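Report on the following structure.
Atoms within each ligand, like the ligands themselves, are counted from 1 in listed order. Predicted model, so just to flag it, every value in this text is computed and none were measured.
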Amino acid sequence: MDDLHPDEDVQLENEESLDPKDWEAMRVLGHRMIEDMMSYLESVRERPVWQPIPASVKQKLSIPLPLNPQKPEDIYQEFLDYILPHPMGNIHPRFWGWVIGTGTALGMLAELLAAGMNPNVGGADHVANYVERQVLEWCKEMLGYPMEASGLLVSGGSMANLVGLTVARNTMSGFDIRREGLGAAQKPMTFYGSVETHSSNQKAVELLGLGSAALRQIPVNAEFQIVLPALEVTVSKDRDDGFHPICVIGNAGTVNTGAIDDLRALADFSEREGLWFHIDGAFGALAALSPELRPLLSGLERADSLAFDLHKWMYMPYEIGCVLVRNEANHRCAFLMSADYLTHAERGLAGGPLWFSEYGPQLSRGFRALKAWMSIKEHGIKKYGRLIKQNVDQARYLTYLVDNAPQLERMAPVSLNIVCFRFKGGSSDDVDLNSINQEILIRLHEQGIAAPSYTTLSGNYALRVAITNHRSRREDFELLVRKVIRLGEDIFSERM
Ligand SMILES: *Cc1c(COP(=O)(O)O)cnc(C)c1O
């Protein structure tokens with residue numbers, strides 16, 4: 001057969017692509033989208049925080065696979081009609097649920113630019129890798145972490161913890177765990193963190209094949225910080241019982257109450273005991289950006305690995321988190337693969353010094369660095385420090401409002417940006433109060449007033465306000481307190 005005349009089922013007469021047939025129309029549509037989204041961000045305060053999604057919308061999002069094309073203008077219209085009106089609400093000034101960031105206008109545009117360039121930031125010699133390296137350098141500098149450390153931008157705190165704890169396990173195992181696997185361990189390895197440690201750390205320990213029981217849960221004091229003597233006793237007992245303690249996880253800002261462990265004491269202890277010291281600083285680590293708050297995080301710079309988010313307290317659009325590892329060789333050892341198809345070249349596109357795929361589980365990686373690079377340049381790091389301090393001051397203001405309202409009761413000390421409280425009215429029946437406060441929260445959400453979340457503290461249901469929001473103002477907290485009291489009293493009288 002003649003090579004120039006391929007099989008009959010090869011069709012190259014009218015080759016297709018996914019590019020617009022009408023670039024001008026796509027350009028016009030793009031301008032409209034930017035126009036619409038700018039107005040949407042600008043007017044966010046005027047809308048309810050959240051609204052229940054109507055059944056009709058859910059139905060529209062449960063249709064069979066589209067086989068044939070639809071016009072981009074029509075698809076965009078559908079987006080405007082039933083997707084955009086039903087957001088999570090986290091860009092709203094009165095969203096304080098879980099620990100969720102707000103996003104920014106330039107961050108949104110940066111995502112557009114990153115998707116337009118669409119590089120694969122797993123490696124090779126192209127500029128996105130240098131942007132990521134720049135952002136990682138800034139991250140170390142802004143947190144006071146050693147500049148020789150290595151790092152990686154990841155999807156968020158969960159992935160950052162997984163990467164950090166993987167490096168911890170591999171480095172501390174004492175054998176070639178990548179080759180031999182866990183079965184070759186002479187003693188079961190154990191991790192340590194307080195009972196307030198975020199669940200993503202447990203997930204990581206499970207994914208590492210160690211089992212959740214290997215994460216020892218150490219009690220906390222009244223400030224929700226790890227109790228050091230309890231940690232010491234547990235580690236020493238584990239050694240006696242034939243376990244292999246390898247890693248202490250310190251919390252820089254717990255998710256329940258924002259508590260910060262005594263990081264210096266944990267660093268000293270880890271050093272003395274020859275343990276890896278990992279810090280989960282998902283949001284709390286960023287408090288180091290404020291000169292006034294920085295002392296709270298003393299010891300952060302001594303972590304062997306440090307996990308934190310940029311999509312929470314640096315207000316960048318999802319997803320972006322970061323992990324830093326003090327010893328670059330440890331970091332790379334945990335993830336480097338040498339496959340023929342990944343061999344680096346001396347020169348050309350396949351060369352270059354930056355192969356981020358060698359520092360984490362992902363090979364193909366997006367250009368999340370761009371939004372960080374643009375955002376940090378847009379505002380400068382000092383402004384982030386001021387905004388973080390502003391959120392902490394707002395938490396103190398809310399604390400003051402709660403403490404001065406006889407109908408309310410604060411449920412935990414406020415160490416940073418999280419305030420836990422409940423409506424108490426005249427009741428002292430915890431079971432009653434749990435159900436009343438549950439109902440208050442649902443009504444706050446359903447009426448679109450505000451979106452705190454909740455937690456359970458010593459068995460009691462608490463409204464939980466976590467402030468990582470650059471749009472919140474003092475009056476938003478005043479409104480919250482007024483509404484909680486009003487709703488509480490309504491529900492109380494309905495139940496009489
Ligand atoms: C949010 C959070 C995480 C998880 O981070 P994601 O970005 O949601 O993956 C881990 N630890 C703490 C303390 C957190 O607040």
For ligand 1, which atoms, with element, lie under 4.0 Å from some heavy atom of [X]?
X: Asp309; result: 5 (O), 6 (P), 7 (O)
X: Gly253; result: 13 (C)
X: Gly156; result: 7 (O), 9 (O)

Mind checking whether Tyr384 and Tyr315 have parallel, tilted or perpendicular rings, split at 30° and 60°?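 If you compare the ring of Tyr384 with that of Tyr315, the planes turn out parallel.
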
Can you find an N or O of [X] that's nearer than 3.5 Å to an N or O of ligand 1?
X: Val255; answer: no
X: Lys312; answer: yes
X: Ser155; answer: no

Could you tell me whether Arg326 sits above the aromatic face of Tyr145, with NZ or CZ closer than 6.0 angstrom to the six-membered ring centre and within 45 degrees of the axis?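 Judged by the rule, Arg326 and Tyr145 form a cation-pi pair.
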
Would you please indicate yes or no on a ring centroid separation below 6.0 angstrom for Trp96 and Phe477?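 Judged by ring-centre distance (under 6.0 Å), Phe477 and Trp96 do meet the cut-off.
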
No-hydrogen, no-angle side-chain donor-acceptor test under 3.5 Å, Ser194 and Glu196: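 Glu196 and Ser194 do not have a side-chain donor-acceptor pair below 3.5 Å.
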
Examine the side chains of Asn391 and Gln394 and answer whether a donor and an acceptor come within less than 3.5 Å of each other.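 Result is yes, a qualifying pair exists.
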
Any atom of ligand 1 sitting under 4.0 Å from a heavy atom of Ser200?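 Flag set, Ser200 near ligand 1.
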
Taking everything shown except Lys483 itself, do over 12 heavy atoms lie less than 6.0 Å from its NZ?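 Counting other residues, nucleotides and ligands, NZ of Lys483 stays at 12 neighbours or fewer.
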
For Glu42, look at atom CD and say whether over 12 heavy atoms of other residues, nucleotides or ligands are found less than 6.0 Å away.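 12 or below, so no.
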
Where on Phe283 is there a heavy atom closer than 4.0 Å to ligand 1, on the side chain, on the backbone, on both, or on neither?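 Answer for Phe283: side chain.
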
Specify side chain, backbone, both or neither for Met159, according to which of its non-hydrogen atoms lie closer than 4.0 Å to ligand 1.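 No part of Met159 comes within reach of ligand 1.
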
What residue and atom, counting heavy atoms only, is the protein's closest point to atom 12 (C) of ligand 1, and at what distance?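 Going atom by atom, the protein heavy atom closest to atom 12 (C) of ligand 1 ends up being Ala282 CB, 3.2 Å.
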
Please state which protein non-hydrogen atom is closest to atom 6 (P) of ligand 1 and give its distance, to 0.1 Å?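 Here the nearest protein heavy atom works out to Gly157 N, 3.3 Å.
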
